Protein chains: 2
Amino acid sequence: MLLLEQRIKEKNLSLTERALRCDACAIRHRGVCEVLDREELLALNRISAKKIVPKGQMILGEGDARTVFANIISGVVKLTKSLEDGRQHIIGLLFPPDFLGRAYRPDNPYFAEAATEVELCIFPTSGFERILRAHPALEHRLFELTLSELDASREWMLLLARKTAAEKVASFLLMLAKRAPALGCPHMPKPQTIRIELPLSRAEIADCLGLTIETVSRQMTRLKTAKIIELLDYREIAVPDLAKLERAAQSAH
Amino acid sequence: MLLLEQRIKEKNLSLTERALRCDACAIRHRGVCEVLDREELLALNRISAKKIVPKGQMILGEGDARTVFANIISGVVKLTKSLEDGRQHIIGLLFPPDFLGRAYRPDNPYFAEAATEVELCIFPTSGFERILRAHPALEHRLFELTLSELDASREWMLLLARKTAAEKVASFLLMLAKRAPALGCPHMPKPQTIRIELPLSRAEIADCLGLTIETVSRQMTRLKTAKIIELLDYREIAVPDLAKLERAAQSAH
DNA sequence: CGAATTGTTGAATATTCTCAACAGAGGTGG
DNA sequence: CCACCTCTGTTGAGAATATTCAACAATTCG
């Protein structure tokens, strides 16, 4: 097993090497890690392992015993829930530097899958919860992040319950524009036209919004016809005027 | 101001009296308080005040600066969010012994209103957050409760996104049967027929489910016609066979 | 008791879904 | 490199579900 070999190799790293590895990490100063001091970081680092998960692969199973916690370093993870007859819904998307995993619960309440190729910094369950208990700063930070997730999920509920198909699709694109890693160099002054890479297929977008594939597709062309977006490619769109998209997300018109 | 008088009176209570007050509380061994030891309980008690909020009155405003945290001792609180054009959605219902308030954020992300007459044990913002920081057990407990709320809100998202009107109404009634304080004596062996007191109007139920009043009404009569529920009163229903209701909540059929 | 509010029911309408056909993109093997 | 196949996305027509508008019934409150 590749994971095991990797872990053995990593066990042999010196502490200095370990600390350096975190220093070089893209999310060292973001997400859960941002509040950690040197000692806390090292404690976590000691039980962590890097893992690349290919697109489409399951990370956590719904109802399974939990196996890992993880920081998302790159890529997008989708969290889904299903009804018995197969209807499903994407209850959340995780972007870097989001944290994956449900603490203090024996089973996992949702299914987690790599929506794109994903780079993870994983922690075994028991070790992570032990460190969590021992370091209030870490637990406090995770609490804050959980509160934000709860806020976001309630915001999304309003969208699911009360927005029209047109508003839903516009809101989805807007969410991506805000949350997804920007295309191009992040230090460049923002060009007027924003390009968004869609990490999801039409089917997955439909599962995010509680719509069908066809409705998503129709609303995308509607937005294109209204000159609010340009479809550069099935997986890439351009937004010439973000304010227009914001208006479309608020009122179907 | 009534609240002020009450607070002055309460300041003069002896510590013994205070401790006794908590001992007599209906939710002393539930919710946030259940994990607190004598000392922690007293610290909280010292800054707390009882408050009765009449049905329909606002408790927290959306976007307002936060004013209080509170334990729900009795009654039901509804949390709502609105779009600019007035469309609204009930993003959550709080029953005893739920906790009300969003820690670590300057503004309140939702509107909180008494759905029925509500009895609260309120804590001023700053004092509560100070105690929260000083007592990891309290923060840990609140973290656990927040995680459960997040799980529940994601479960509800699946309902909003993928269930039919019939399934939504059945699921709503089922949720009440599980969460709302049971009618009659709680120590009595459960009668086969469960009676549920609806804490919400049809309009509020519609706002919970992302439906219109009329659709909720029609689905209620549909459930009545199918003998799954009996309408004893606009505000009270009976469920002769909970398993039937569970089936209705899973598949429209 | 009467007014106001809340809930129910019906008919027509609108939005979204379903089914179906087709188009474009991407990958594989000849 | 192209033909072929598969997978994903688009578009259209008809159907289904939920909404809107409207009238009326039941309940609550003063």
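Each chain gets a letter, A, B and so on, in the order its sequence line appears, and its residues count up from 1. Keep in mind that this is a model prediction, so the values were computed, not measured.
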**Message:** I need the NZ-C1' distance between B:K224 and D:dA26, as an integer number of Å.
**Reply:** 12 Å

**Request:** Write down the distance between CZ (A:R202) and C1' (C:dC17), rounded to a whole number of angstrom.
**Result:** 18 Å

**Item:** Length of the line joining B:R87:CZ and D:dT20:C1', which is rounded to integer Å
**Value:** 15 Å

**Request:** Grab the CD1-P distance between A:I213 and D:dT11 for me, whole Å please.
**Result:** 15 Å

**Prompt:** Any idea which heavy atoms bring A:R154 and B:K81 closest together, and the distance?
**Reply:** O-CD, 4.1 Å

**Prompt:** Whole-Å distance between D:dT17 P and B:E167 CD?
**Reply:** 11 Å

**Asked** For the side chain of A:E204 and the backbone of A:S201, is there at least one donor-acceptor N/O pair under 3.5 Å apart?
**Response** yes

**Side-chain donor/acceptor contact of A:R218 with base of D:dG12 under 3.5 Å** = yes

**Asked** Taking only N and O in the side chain of A:T164, is any of them less than 4.0 Å away from OP1 or OP2 of C:dT15?
**Response** no

**Request:** Go through D:dG9, C:dT8, C:dT6 for me and flag the one nearest to the A:S217 side chain.
**Result:** D:dG9

**Request:** Verify the distance criterion only: is there a donor paired with an acceptor across the side chains of A:T146 and B:T146 at less than 3.5 Å?
**Result:** no

**Fill in**
Nearest-nucleotide check on DNA chain C, A:D233 vs B:R162; residue mapping nearer the 5' end is B:R162

**Asked** Would you say the base of C:dT9 and the side-chain of B:R222 have a donor-acceptor pair closer than 3.5 Å?
**Response** no

**Message:** If we ignore hydrogens and angles and just use 3.5 Å, is the side chain of B:K51 paired with the main-chain N or O of B:V118 as donor and acceptor?
**Reply:** no

**Prompt:** How long is the line joining CD of B:E236 and C1' of D:dT27, in whole Å?
**Reply:** 15 Å

**Prompt:** B:T215 near the nucleic acid: base, sugar-phosphate alone, or nothing, with a heavy-atom cut-off under 4.0 Å?
**Reply:** base

**Request:** To the nearest Å, give me how far apart CD (B:Q219) and C1' (D:dA16) are.
**Result:** 13 Å

**Message:** Within the 3.5 Å criterion, strictly below it, is a donor on B:T212 or B:R218 matched to an acceptor on the partner's side chain?
**Reply:** no

**Asked** Which residue lies toward the 5' end of DNA chain D, B:E214 or A:Y234, if each is placed at its nearest nucleotide?
**Response** A:Y234

**Distance, rounded to the nearest Å, where A:L200 contributes CG and D:dC7 contributes C1'** = 17 Å

